[in-house]
Amino acid sequence: MKFLILSRLSTLYSTRRLVQEITSLGHEPLIVNPESPEETAEILIPRLGNFRYEESLANLEKLQNTSGAKVTLNAMPFFHQARHKKRAHEILGTLPQPKIFNEVTTFPVVVKDCLSSQGEGVFLCKNHNELSDCLMKLQGREVLFQEFIAESQGHDIRAFVIGQNVVASMERSSTNPLIEFRSNLSLGGTAKSVTLTAEEQDLCIAAVHRLGLDYAGVDLVRSHRGGLILEVNPCPGLEGIEKCSQKNIAKEIVLYAESLCRSHSQR
């Protein structure tokens, strides 16, 4: 099978790991810049970041229609509806999540750029002055006002879901929760392996499926109300979760794509 990975940088850990596992399983990997996707393949794996996101998304949709691909992990528009924080919150609906507000009346409050990733564009505002400064920084961007879960400050859980299974999970922690409430590894956070309850696993799997995704990184927090879904990432990084869990997540993704492609062919 030919795998097409949409990625701007072949040197990124996640891209390199996918190429390694695609090759080791006897398939052909090809990395294509999202700006010039003129190729054919059986399987597409988009790895789209913040840079020129809208343009990359449009090219992903074009490639799905012209490449002859049988499988896309994750396909447009599901990729986008998961990436867009407000739209994802609406689709997740009745699943337990922090509340969102149309306007801010109480503090602290979390403010998010709806299309940000890796903790960028996410702020904790403790008063009106901080909120005003934050909105100035995000001027022109669509934002989300989200309830702050105080008991989880500086801590969250990343669960990696592929198909019907949580294949790995880790607890991420800020090095100084009183200063940095975000726990993203890209911002200097640390991680350790964690075991999810059956209820937490079911919640993560339900969130991924409700958003129409094949695989995803699900961020949740443990609160007095139980597990709450923060975000569902349709393009989760592999480095932190592989190193923390000591599991071959890239191989699991490739094997799952194989199985979907074979099922499609049999139909």
Side-chain angles (χ1 to χ4, degrees), residues 49-50 53 80-159 169-191 194 196 200 203-204 206-208 210-211 213 216-237 240:
N50 290 332
Y53 171 72
H80 181 60
Q81 71 184 17
R83 179 74 177 272
H84 192 286
K85 293 175 174 56
K86 186 175 290 186
R87 190 172 303 174
H89 188 281
E90 293 169 352
I91 293 170
L92 293 177
T94 56
L95 293 181
Q97 309 173 73
K99 300 172 186 175
I100 63 169
F101 313 107
N102 292 325
E103 58 183 32
V104 178
T105 57
T106 59
F107 293 93
V109 65
V110 177
V111 182
K112 296 181 176 182
D113 176 344
C114 283
L115 287 175
S116 65
S117 64
Q118 296 185 318
E120 298 177 4
V122 179
F123 304 88
L124 178 62
C125 299
K126 300 175 183 177
N127 53 56
H128 284 289
N129 288 338
E130 290 184 358
L131 178 62
S132 296
D133 291 343
C134 172
L135 294 179
M136 282 294 293
K137 293 177 184 176
L138 296 175
Q139 192 170 16
R141 305 290 294 177
E142 185 176 5
V143 300
L144 174 76
F145 302 124
Q146 188 179 69
E147 174 191 11
F148 174 58
I149 307 300
E151 61 267 32
S152 71
Q153 180 169 346
H155 302 274
D156 71 4
I157 291 172
R158 163 61 62 89
S169 54
M170 61 182 175
E171 181 179 10
R172 304 182 297 189
S173 301
S174 167
T175 54
N176 191 337
L178 295 179
I179 296 175
E180 177 55 80
F181 81 104
R182 297 168 297 179
S183 59
N184 303 72
L185 301 185
S186 59
L187 298 175
T190 60
V194 68
L196 302 188
E200 289 169 339
L203 175 59
C204 292
V208 171
R210 191 169 291 193
L211 287 165
L213 302 172
V218 181
D219 297 342
L220 73 152
V221 293
R222 288 169 169 166
S223 75
H224 298 321
R225 308 199 302 262
L228 303 174
I229 299 292
L230 289 179
E231 298 178 11
V232 180
N233 188 335
C235 186

Do [X] and [Y] have side chains that get closer than 4.5 Å, going by heavy atoms?
{"X": "Thr190", "Y": "Thr175", "value": "yes"}
{"X": "Leu124", "Y": "Phe148", "value": "yes"}
{"X": "Arg210", "Y": "Ile91", "value": "yes"}
{"X": "Leu115", "Y": "Arg83", "value": "yes"}

Does the pair Val221 and Gln97 meet the rule for a side-chain contact (heavy atoms from CB on, under 4.5 Å), with working shown? CA-CA 9 Å; Val221 293; Gln97 309 173 73; over 6 Å; no
Steps toward side-chain contact (heavy atoms from CB on, under 4.5 Å) verdict (Leu220, Leu230): CA-CA 5 Å; Leu220 73 152; Leu230 289 179; 5.8 Å; no
Excluding sequence neighbours, so at least two apart, what forms side chain to side chain donor-acceptor pair (under 3.5 Å) with Glu142? His84
Non-neighbouring partners of His80 that pass side chain to side chain donor-acceptor pair (under 3.5 Å), sequence neighbours left out: Tyr53
For [X] against [Y], the heavy-atom pair lying closest together:
{"X": "Cys114", "Y": "Lys86", "result": "SG-CB, 3.8 Å"}
{"X": "Asn127", "Y": "Asn129", "result": "OD1-N, 3.1 Å"}
{"X": "Pro98", "Y": "Gln146", "result": "CB-CG, 3.8 Å"}
{"X": "Pro236", "Y": "Ala216", "result": "CG-C, 3.9 Å"}

Heavy-atom donor-acceptor pair, [X] side chain to [Y] backbone, under 3.5 Å:
{"X": "Ser152", "Y": "Asp156", "result": "no"}
{"X": "Arg87", "Y": "Gln81", "result": "no"}
{"X": "Glu171", "Y": "Ala191", "result": "no"}

Before you tell me yes or no, could you show the steps for Asp219 and Asn233 under side-chain contact (heavy atoms from CB on, under 4.5 Å), namely the whole-Å CA-CA distance, both residues' side-chain angles and the distance that decides it to 0.1 Å? CA-CA 8 Å; Asp219 297 342; Asn233 188 335; 5.5 Å; no
Rounded to the nearest 0.5 Å, what's the gap from [atom1] on [X] to [atom2] on [Y]? Could you check?
{"X": "Phe145", "Y": "Thr105", "atom1": "CZ", "atom2": "OG1", "value": "11.0 Å"}
{"X": "Gln153", "Y": "Ser173", "atom1": "CD", "atom2": "OG", "value": "12.0 Å"}
{"X": "His155", "Y": "Ser174", "atom1": "NE2", "atom2": "OG", "value": "8.0 Å"}

For [X], check side-chain contact (heavy atoms from CB on, under 4.5 Å) against everything at least two apart and list the hits.
{"X": "Ala88", "result": "Leu211"}
{"X": "Glu151", "result": "Ile149, Ser223, His224"}
{"X": "Leu203", "result": "Leu95, Pro96, Ile229"}

Salt bridge (Lys or Arg N to Asp or Glu O under 4.0 Å) pairs, two or more places apart, involving residues 128-138: none
Going by the salt bridge (Lys or Arg N to Asp or Glu O under 4.0 Å) test, which pairs reach into residues 109-118, not counting sequence neighbours? Lys112-Glu231, Asp113-Arg141
For Arg222, which residues count as a salt bridge (charged side-chain N to carboxylate O under 4.0 Å, His left out) partner, sequence neighbours excluded? Glu200
Residue set satisfying salt bridge (charged side-chain N to carboxylate O under 4.0 Å, His left out) with Glu147, at least two apart, ordered chain then number -> Arg225
Residues which pass ring pair (Phe, Tyr, Trp, His ring centres under 6.0 Å) with His128, listed by chain and number, not counting sequence neighbours: Phe107
What verdict does the side-chain contact (heavy atoms from CB on, under 4.5 Å) test give for Phe101 and Val109, after you've listed the backbone C-alpha separation in whole Å, the side-chain angles of each residue and the deciding distance to 0.1 Å? CA-CA 9 Å; Phe101 313 107; Val109 65; 4.3 Å; yes
